[in-house]
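Below: one structure, written as structure tokens.
These figures come from a predicted structure and were not determined experimentally.
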Amino acid sequence: MSHNVTDPLYGDEPLEVPLTNAPLARVVAQIRFPEILSMQDKAFVAPFQERIRRTYPLAQSDVINTFVIGPQRMVSSTVWRYYDPQKNWRVSMSDTFLSLETTKYVSRKDFVERFGFILTQLAETIKPSHIARVGVRYVDQVSLEGDESMKGMLRPEMAGIKDVVGNTKHVISEFEADTREGAVQVRWGHLPKDGTHDPDIMPAVQHPSWFLDVDSYIFQESEIMEYSAETVRSQVLALAGRAYSIFMWSVTDDFLVKYGKEQQ
């Protein structure tokens, strides 16, 4: 392997290797904050939409129903969604979170700049006082057609039983761990035709597939953090780098070459 990640959780980030055909299904960045009841009011969120409307002109709202136990009741909340003209990018905002997601990822620099813009507009219009969680999620998805397999594409720790028992159709592994920045939850495995481990984040495909889902996050368990758009932007950049370290630790050079690494 040309890349050498010995410690994916605490080590330094490896040099970025551009891939011309990276198998990214979706990338999401999200912050969560204490409930802001005013955000259920269209007039209250309108200034935020006006700030981002040139880039994300398509708008819609969804009502999410949540069942709450003790006392048992149904709670409804509105999620405001804003899309670019091609619907490749989506901004979602509710009374407890803000997120940016894309199915057309260009680069980390581009993604963090876009999210930084959204964070600044949130600071200047909605004005959240604190945040409880910052997270970045990268989901890779490889469709395996015919006799294709992941043999030789993954380090042994990530290959799992599929390489040993070839007829295995469904294998999913998971681990959670602390990192230098915060923590990660990593899920990966093989899925059968039309299978998905999370339909909201990764579409089902018409072939067996392999996936890697890395959620890199900072969770303020004991004390919520004061909101600063620039601080959050820096955290997102660091969390994205940690997710990349885990990706590069997981795959081999054969994987990178197949998906567009420039040959030396």
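- Under 3.5 Å, the side chains of Arg81 and Ser92 contain a donor-acceptor pair of N or O atoms.
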Applying side-chain contact (heavy atoms from CB on, under 4.5 Å) to Asp253 and Lys261, what does each step give before you reach the verdict? CA-CA 9 Å; Asp253 248 10; Lys261 174 189 173 182; 3.2 Å; yes
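- The residue from Arg137, Gln141, Gln185 that alone fulfils the side-chain hydrogen bond (donor to acceptor under 3.5 Å, both in side chains) condition with Asp213 is Arg137.
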One pair to check against side-chain contact (heavy atoms from CB on, under 4.5 Å): Thr120 and Phe115. What are the steps and the verdict? CA-CA 9 Å; Thr120 298; Phe115 196 48; over 6 Å; no
Candidate pair Thr78 and Gln40, rule side chain to side chain donor-acceptor pair (under 3.5 Å), full reasoning: CA-CA 6 Å; Thr78 301; Gln40 296 299 308; 3.2 Å; yes
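- Residues Ile201 and Ile172 share a hydrophobic cluster, clusters being chains of Ile/Leu/Val/Met/Phe/Trp/Tyr side chains in contact below 4.5 Å.
- Without hydrogens or angle criteria, Thr252 side chain to Gly152 main chain gives a donor-acceptor distance under 3.5 Å.
- Ion pair Arg108/Glu113 not flagged as a salt bridge, since none of the NZ, NE, NH1 or NH2 atoms sits closer than 4.0 Å to an Asp/Glu carboxylate oxygen.
- Without hydrogens or angle criteria, Thr102 side chain to Asn88 main chain gives a donor-acceptor distance under 3.5 Å.
- Annotation: Gln86, atom CD; neighbour count of heavy atoms from other residues, nucleotides and ligands within 6.0 Å is above 12.
- In this structure, the ring of Tyr105 has its center less than 6.0 angstrom from the ring center of Tyr138.
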Worked check of side-chain contact (heavy atoms from CB on, under 4.5 Å) between Val236 and Val134: CA-CA 7 Å; Val236 167; Val134 182; 3.8 Å; yes
Report the C-alpha distance between Val171 and Trp210 in whole Å, list the side-chain angles of each, state the deciding distance to 0.1 Å, and finish with yes or no for side-chain contact (heavy atoms from CB on, under 4.5 Å). CA-CA 9 Å; Val171 181; Trp210 175 85; over 6 Å; no
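- Ile224 and Ile126 are not part of a single hydrophobic cluster, where members link through side-chain heavy atoms under 4.5 Å apart.
- A salt bridge does not link Lys104 to Asp84: none of the charged side-chain nitrogens sits closer than 4.0 Å to a carboxylate oxygen.
- Partners of Tyr217 under the ring-ring contact (aromatic ring centres under 6.0 Å, His included) rule, at least two apart in sequence or in another chain, do not exist in this structure.
- Remark: the backbone N or O of Gly241 is paired with a side-chain donor or acceptor of Ser245 at under 3.5 angstrom.
- Cluster annotation: Met150 is not connected to Met202 through the hydrophobic network of ILVMFWY side chains, with a link wherever side-chain heavy atoms come within less than 4.5 Å.
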Step by step, would you call His130 with Phe33 a ring-ring contact (aromatic ring centres under 6.0 Å, His included)? CA-CA 6 Å; His130 294 80; Phe33 40 78; over 10 Å; no
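- Judged by distance alone, the side chain of Trp80 and the main-chain N or O of Met39 form a donor-acceptor pair under 3.5 Å.
- A salt bridge links Glu101 and Arg26; the closest N-O separation between the charged side-chain nitrogens and carboxylate oxygens is under 4.0 Å.
- At distances below 3.5 Å, at least one donor-acceptor pair connects side-chain atoms of Arg242 with backbone N or O atoms of Gly11.
- Evaluated for a side chain to side chain contact (heavy atoms under 4.5 Å, CB included) with Tyr244, the options Val17, Val136, Val214 yield exactly one hit, Val17.
- Tracing side-chain contacts under 4.5 Å through hydrophobic residues (I, L, V, M, F, W, Y), one never reaches Ile36 starting from Val79; they form parts of separate clusters.
- A salt bridge links Glu148 with Lys258: at least one charged nitrogen is closer than 4.0 Å to a carboxylate oxygen.
- The stretch residues 42-52 participates, sequence neighbours left out, in these side-chain hydrogen bond (donor to acceptor under 3.5 Å, both in side chains) pairs: Glu50-Arg53, Arg51-Gln121, Arg51-Glu124.
- In this structure, Thr231 contributes its side chain and Tyr227 its backbone to no donor-acceptor pair below 3.5 Å.
- A distance below 6.0 Å separates the ring centres of Phe247 and Phe255.
- Val27 is connected to Leu237 through a chain of hydrophobic side-chain contacts under 4.5 Å among Ile, Leu, Val, Met, Phe, Trp and Tyr, so both are in one cluster.
- A salt bridge between Asp215 and Arg133 is present, with a side-chain N of the basic residue lying under 4.0 Å from a carboxylate O of the acidic one.
- Summarising the geometry, atom CG belonging to Leu119 is positioned 9.0 Å from atom CG belonging to Leu100; distances are rounded to the nearest 0.5 Å.
- Here Arg180 pairs with Asp12 in a salt bridge; the nearest charged N to carboxylate O distance falls below 4.0 Å.
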